[in-house]
Protein chains: 2
Amino acid sequence: MRILEHPEPDKIQIDMVLSALADPIRRRIVNQLADGHDDQACIAFELPVSKSTSTHHFRILREAGIIEQRYSGTAILNTLRSDVLDELFPGLLTAIITAERSTAIRSASEA
Amino acid sequence: MRILEHPEPDKIQIDMVLSALADPIRRRIVNQLADGHDDQACIAFELPVSKSTSTHHFRILREAGIIEQRYSGTAILNTLRSDVLDELFPGLLTAIITAERSTAIRSASEA
DNA sequence: ACGATTGTTCGATAGTCATCGTAGTACGAT
DNA sequence: ATCGTACTACGATGACTATCGAACAATCGT
């Protein structure tokens, strides 16, 4: 069975987390996970990039400790590590998700 | 008189803010501003980089809308735009500053 | 007027990052 | 066994970024 490496909570660094979340595509993934339920396969995210780039972004998120990925057949199910992140960096994830939403609303009302 | 451009609140984008805060040196600046008082000159930040690199980082922070810079003689006084940021992205700045602090504490207790 | 202080500007450079296509792997279904 | 699905690995590429030193600019004291 294939194994996916995840950082232990005490190895999760604010530096990697913020770098990961600085990318709009990765924030889109995080937001969809926050909006919807857990265990969404990578293919459920209709990202405007190629497959290999998509893999790249999911990996960055996993290695930063932001998502958990586990195999289920050929698919990979993705889950936000909200509890871990909230413990380590209280309010951070919520703030970023909220920010993204309000930005979307702002730019929509401008158009 | 020299003028420094600052983005209006409605031009401040989460993308630029997070990219700016993804850099440890820039977070160090933000943290020192949050810890101390407003109006600290650039030279008050003893950064492990050259002068020109320092200028670069302060500019990124200013253009992202995170700090306000204004001339006072030959010096530039820096102030966190906390109120603007809190309005736009509630909780974000606090979360990042808190995160940085707890990370510092964690890594100190490891040593 | 002169010098010291504070920060900027301008290349240059080395490193990182997002992106892609192609080829490959693992698994489920038929 | 074969095929389709879902994702990975690899090498290449172009863009961006942090960094530097050297030269410059603006201001303040003396």
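This one's a predicted model, so the numbers in the text were calculated from it and none came from an experiment. First the proteins, then the strands, lettered A, B, ... as listed; each starts at 1.
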When you measure from every atom of DNA chain C, which of residues 74-82 of chain B have a heavy atom less than 4.0 Å away? B:Thr74, B:Ala75, B:Ile76
Within this structure, what is the CD1-to-C1' distance between A:Ile3 and D:dT8, rounded to whole angstrom? 16 Å
Contact letters for nucleotides 10-16 of chain D, in which S counts primed atoms plus P, OP1 and OP2 and B counts the base, heavy atoms under 4.0 Å: -------
Specify the separation, in whole Å, of atom CD1 of B:Ile60 and atom C1' of C:dG7. 16 Å
Check step by step if salt bridge (Lys or Arg N to Asp or Glu O under 4.0 Å) holds for A:Arg70 and A:Asp39. CA-CA 9 Å; A:Arg70 58 187 176 78; A:Asp39 294 338; 3.1 Å; yes
Is any side-chain N or O of A:Thr53 closer than 4.0 Å to OP1 or OP2 of C:dA18? no
Pair A:Thr55, A:Ser52: side-chain N/O donor-acceptor within cut-off below 3.5 Å: no
A:Gln40 and A:Asn78: side-chain donor and acceptor closer than 3.5 Å? no
What are the residues of residues 14-30 of chain B, sorted by number, that bring a heavy atom to within less than 4.0 Å of DNA chain C? none
Output the rounded distance in Å from CG (A:Leu4) to P (D:dT8). 7 Å
Could you state the atom-to-atom distance from CD of A:Gln69 to P of C:dA26 in whole Å? 17 Å
Qualifying residues under salt bridge (Lys or Arg N to Asp or Glu O under 4.0 Å), relative to B:Arg101, sequence neighbours excluded: B:Asp35
For DNA chain C, which residues in residues 37-50 of chain A have a heavy atom at a distance below 4.0 Å? A:Val49, A:Ser50
What integer distance in Å separates B:Arg2:CZ from D:dA25:P? 12 Å
Is A:His56 near enough to C:dC20 that one of its side-chain N or O atoms lies under 4.0 angstrom from OP1 or OP2? no
Please identify each residue that fulfils salt bridge (Lys or Arg N to Asp or Glu O under 4.0 Å) with B:Arg27, with sequence neighbours left out. A:Asp15, B:Glu100
